J.: 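Let me give you the structure first, and then I'll get to my questions.
All of these numbers come straight from a predicted model, not from anything done at the bench.
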Amino acid sequence: MINFFVQLSPIYQALIAAMFTWAITSLGSAVVFFFKEIKKGVMDALLGFSAGVMIAASFWSLLSPAIEMATNLKLIPWLVVFIGFFCGGLLLYSGDKIYNIMEKSRKKKGKKKDGPNLKRCLMLISSITLHNIPEGLVIGVAFGSLAYNIEGATLLSAITLAIGIGIQNFPEGSAVSLPLRREGFSRAKSFFYGQASGIVEPISAVIGALLVMRVQTLLPYLLSFAAGAMIYVVVEELIPESQSNKKKDLMALFTLVGFSIMMILDVALG
C-alpha cells in the first residue's frame with residue numbers, strides 16, 4: 001500500500017491525502033448523531049465550543065502560516081495578512097447585507113420566512129468552506145513541490161502535513177454540524193452540510209499540485225482571507241447566540257475549551 005502511494009504522481013498523492021482530510025471532516029461532522037435530543041443549554045455550549053475552535057484555527061491554522069509564508073516569499077507580512085483578513089470579513093459582511101435585503105423583499109411579497117436561521121447557517125458553512133480551500137491548496141503545494149524538487153520538500157513532510165490538517169479537521173467538522181443541529185436542522189442534514197464543507201479540500205489540493213509555483217504567492221492572502229471570514233462569523237453569530245443562555249459564564253468556558261483543544265492540536269501538529 002505504501003509502495004503504491006510512493007510510486008504515484010504528486011497530483012494523485014495530493015488528491016489521496018486531501019481525501020483523507022475530507023474523511024476526517026466527515027467523522028467530525030458525524031458527532032451530531034450522538035445527541036438524542038436538543039437541549040438549549042447543551043447546544044449553546046456546543047455553539048460556544050465551535051466558536052473557540054474557529055478562533056484558534058483562525059490564528060494557528062491560517063494567520064500564523066500566512067505570516068510565515070509571506071515572509072519567506074519576501075512580501076510585506078503585515079500588509080498581506082491585513083488585506084486578506086479584512087477582505088474575508090468584508091465578503092461575509094456584504095453577504096450579510098445582501099441576505100437582509102433579500103429577506104425584506106421576501107416579506108414584502110408575503111413569502112414565509114425560512115425555518116431555521118438560514119443566514120447564520122449559510123455564514124457558518126461559507127466560513128468553514130473558505131477555510132478549507134487554502135488548507136487543500138497547502139496540501140497540493142506540499143506534494144506538488146516534490147515534482148519541482150523544491151528545497152526542503154520531502155514526501156514525509158507532505159504526508160505529515162496532511163495528517164496534521166486531517167486531525168485538525170475533526171473539531172472543524174463538528175463546528176459546522178453541531179451549530180446547524182442547534183438551528184433545527186435534522187441530524188442527517190447537519191452531517192451532510194458539515195462533511196460537504198470539506199469536499200473543497202480534494203479539489204483545491206489538485207489545483208495546488210498543478211499550479212504549485214503560482215499558488216505559493218497567493219496562499220498567504222487566501223489563508224488570511226479565510227481567517228477574516230471565520231472571525232466575522234464568530235463575532236457576528238456564534239458567540240452572541242451562545243451568550244443568550246442564562247449561564248453566560250459557563251458558555252464562555254466552553255469557548256475557552258474549544259479554543260484550547262484546537263490550539264493544542266495546531267501547535268502540537270505544527
J.: At their closest point, which heavy atom of A70 faces which heavy atom of P220, and how far apart are they?
T.: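 Looks like N-CG, 3.9 Å.
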J.: So with a 6.0 Å cut-off around CE of M263, is the heavy-atom count from everything else above 12?
T.: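 Yes, the 6.0 Å shell around CE holds more than 12 heavy atoms from other groups.
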J.: Could you tell me whether a side-chain N or O of T21 sits under 3.5 Å from a main-chain N or O of A18, the two making a donor and an acceptor?
T.: yes
J.: Answer with yes or no whether the hydrophobic clustering places M54 together with L256; edges join I, L, V, M, F, W, Y residues whose side-chain heavy atoms lie under 4.5 Å apart.
T.: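 No, separate clusters.
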J.: Quick check: does any side chain N or O of Q195 sit under 3.5 Å from a backbone N or O of F192, one acting as donor and the other as acceptor?
T.: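 Such a contact is found between Q195 side chain and F192 backbone.
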J.: So how far is it from T25 OG1 to E201 CD, rounded to the nearest 0.5 Å?
T.: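 Going from the OG1 atom of T25 to the CD atom of E201 covers 5.5 Å.
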J.: Is there a donor-acceptor pair under 3.5 Å between the side chain of S190 and the backbone N or O of L178?
T.: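 Here the side-chain-to-backbone pair does not exist.
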J.: Would you mind reporting whether L219 and V138 have side-chain heavy atoms less than 4.5 Å apart?
T.: yes
J.: Decide yes or no on side-chain contact (heavy atoms from CB on, under 4.5 Å) for D249 and L253, but give the supporting numbers first.
T.: CA-CA 6 Å; D249 50 352; L253 281 179; over 6 Å; no
J.: Tell me if a side-chain donor or acceptor on D44 pairs with a main-chain N or O of S244 at a distance below 3.5 Å.
T.: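 No, because the side chain of D44 does not come within donor-acceptor range (under 3.5 Å) of the backbone of S244.
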J.: Is there a path from M123 to I101 through hydrophobic residues (I, L, V, M, F, W, Y) whose side chains come within less than 4.5 Å of each other?
T.: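 Hydrophobic grouping puts M123 apart from I101.
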J.: Is there a donor-acceptor pair closer than 3.5 Å between any side-chain N or O of S224 and the backbone N or O of Y221?
T.: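 Side chain of S224 to backbone of Y221, a donor-acceptor pair under 3.5 Å: yes, one is there.
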J.: Under a single-linkage definition using a 4.5 Å side-chain heavy-atom cutoff for Ile, Leu, Val, Met, Phe, Trp and Tyr, are L211 and Y12 assigned to the same hydrophobic cluster?
T.: yes
J.: List the steps, then state whether side-chain contact (heavy atoms from CB on, under 4.5 Å) holds for L155 with F143.
T.: CA-CA 7 Å; L155 181 60; F143 283 95; 3.8 Å; yes
J.: Are M251 and L238 linked, directly or through other ILVMFWY residues, by side chains that come within less than 4.5 angstrom of each other?
T.: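 No, no single cluster joins them.
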J.: Can you tell me if CG on L90 sees more than 12 non-hydrogen neighbours from other groups inside 6.0 Å?
T.: yes
J.: May I ask you to check whether W78 and F85 place their ring centres under 6.0 Å from each other?
T.: no
J.: Would you call the rings of Y232 and Y93 parallel, tilted or perpendicular if under 30° counts as parallel and over 60° as perpendicular?
T.: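 Answer is perpendicular, since the angle exceeds 60°.
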J.: Please say which of L75, L223, L218 ends up in a side-chain contact (heavy atoms from CB on, under 4.5 Å) with M69.
T.: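 With M69 as partner, side-chain contact (heavy atoms from CB on, under 4.5 Å) holds for just one option, L223.
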J.: Would you kindly confirm whether F34 and F254 end up in one hydrophobic cluster when ILVMFWY residues are joined by side chain heavy atoms under 4.5 Å apart?
T.: no
J.: Keeping the roles fixed (side chain from Q13, backbone from F5), state whether a donor-acceptor pair exists under 3.5 Å.
T.: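 Such a contact is found between Q13 side chain and F5 backbone.
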J.: Determine, step by step, whether V233 and M230 satisfy the side-chain contact (heavy atoms from CB on, under 4.5 Å) criterion, reporting the C-alpha distance in whole Å, the side-chain angles of both residues, the deciding distance to 0.1 Å, and the verdict.
T.: CA-CA 5 Å; V233 174; M230 290 181 71; 5.9 Å; no
J.: Is any side-chain heavy atom of V235 closer than 4.5 Å to a side-chain heavy atom of I239?
T.: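 Not in contact.
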